[in-house]
Amino acid sequence: MVINSIFKYFKNISVKRFSFLLSLSISLAFAIIYGLFIVLGILNNKFVYAFLYFWILLILSYIIIYFSINQFLFRRVKLIYKLISDTKFDDNLKKDLQGDESLLIQNVEKDVERWILKKNAELDQSVHLEKYRKEYIGNVSHELKTPVFNIQGYLQTLLDGGIDDPTVRKSFIEKAYKNSIRLQSIIEDLNIVYKLESGTQILDLQTFDIKNLIEEVFEENASLTAAKNIKLKFKNGAEESIRVEADKEHIQIVLNNLINNSIKYGKVSGYTKVSLYDLDKLVLIEVTDNGIGISEEHIKHVFDRFYRVDKSRSRDQGGSGLGLSIVKHIIESHGQKLHVRSKEGYGTTFGFTLQKAI
């Protein structure tokens with residue numbers, strides 16, 4: 001118990017106090033030995049000299065020990081900061097040594113702990129990015145491979161004699177053209193994602209009526225809705241126009257992706273409903289359908305690149321697999337929020353906010 005208390009005391013002791021105790025110990029040892037020599041007659045000096053030498057030795061040893069330890073600490077701390085810090089070490093820390101040294105050591109310990117946590121986080125991030133990079137390259141190659149192989153197959157069949165059959169020729173050329181459109185879509189979407197992530201895509205903020213833009217998107221998807229007899233409509237109470245401040249072209253891409261997806265995965269004779277909510281300084285836009293929905297295990301991945309809930313069915317529906325990832329990037333580049341709610345078999349709601357025009 002006593003030993004632990006002693007260790008605890010010396011663990012938190014300051015440099016000044018440690019230097020004083022060490023100097024005092026040396027000086028006392030010298031004074032005791034000097035006094036013994038006088039008592040034994042080895043020295044003929046008086047005890048007053050022992051007392052005087054004690055104080056001289058105490059002061060000199062204290063100065064030497066204190067400044068030696070200070071210099072040692074400064075060099076060690078400087079070396080630590082050279083290893084862990086991106087900031088140039090300056091003499092301000094040396095001035096700190098003139099004050100509370102224990103506080104300095106505590107600060108160094110905290111800085112080292114922060115450095116360790118930072119390096120661990122960087123390592124985890126590096127591992128995550130490397131895994132993400134490998135998956136991304138694999139996904140890109142897989143998505144590009146499918147239409148390229150299809151086109152090659154159709155052209156090979158035509159070259160092998162299928163071109164002489166008018167029916168085969170027309171059918172295979174149409175299929176090859178369809179796959180080339182899909183290939184072009186993937187490349188264009190990849191280019192959009194690259195520009196958004198790299199910051200080279202500068203937003204062209206302007207004021208416009210969000211309700212009018214939604215109506216334009218409704219018209220663009222009219223043929224797709226007619227094929228499945230899906231009704232596009234606004235939620236009751238969303239008839240009034242609301243002006244927002246955003247990049248109109250990019251928001252049109254967002255709306256097209258969300259509404260197009262709701263139609264593709266919606267039920268025949270179902271609906272896609274758009275709701276507008278005035279949130280004072282923001283406007284909340286929600287796109288809701290009564291389609292197949294998304295299971296809970298897939299919801300957290302829906303904005304990942306090339307992620308498909310039902311891979312075979314998704315490819316049959318067309319698209320690049322980057323739509324929702326682009327939506328996420330566009331909304332986040334506006335500094336706004338994006339969310340999704342869904343229940344398998346009941347439908348899905350995607351929502352995002354925009355800055356309301358003043």
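Keep in mind it's a predicted model, so treat the numbers as computed, not measured.
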Once rounded to the nearest 0.5 Å, what's the spacing between atom CG of Leu276 and atom CG of Leu354? 10.0 Å

Which residues pass the ring pair (Phe, Tyr, Trp, His ring centres under 6.0 Å) test with Tyr271, sequence neighbours left out? none

Pairwise salt bridge (charged side-chain N to carboxylate O under 4.0 Å, His left out) hits with a residue in residues 149-166, at least two apart: none

Side-chain donor or acceptor of Ser333 paired with backbone N/O of His329 under 3.5 Å: yes

Can you sort out the partners of His334 under side-chain hydrogen bond (donor to acceptor under 3.5 Å, both in side chains), two or more places apart, ordered by chain and number? none

Residues 345-356 vs salt bridge (charged side-chain N to carboxylate O under 4.0 Å, His left out), sequence neighbours excluded, gives Asp278-Lys356

To which residues is Leu279 joined in a hydrophobic cluster, defined by side-chain heavy-atom contacts under 4.5 Å among Ile, Leu, Val, Met, Phe, Trp and Tyr, whether direct or through other members? Tyr277, Leu282, Leu284

Ignoring hydrogens, what is the shortest heavy-atom contact between Lys281 and Gln355? Give both atom names and the distance. O-NE2, 3.3 Å

Could you tell me whether Lys178 and Glu174 have a side-chain N and a carboxylate O separated by less than 4.0 Å? no

Using the side-chain contact (heavy atoms from CB on, under 4.5 Å) rule, pick out the option among Leu224, Thr272, Leu255 that qualifies with Asn260. Leu224

Consider only side-chain N and O atoms of Glu344 and His298, and report whether a donor and an acceptor are under 3.5 Å apart. no

Got a donor-acceptor contact below 3.5 angstrom from the Asp247 side chain to the His250 backbone? yes

Show the nearest heavy-atom pair for residues Ser342 and Gly347, with the distance to one decimal. OG-O, 3.1 Å

Suppose the criterion is ring-ring contact (aromatic ring centres under 6.0 Å, His included): which pairs have a residue in residues 213-234, not counting sequence neighbours? Phe218-Phe234

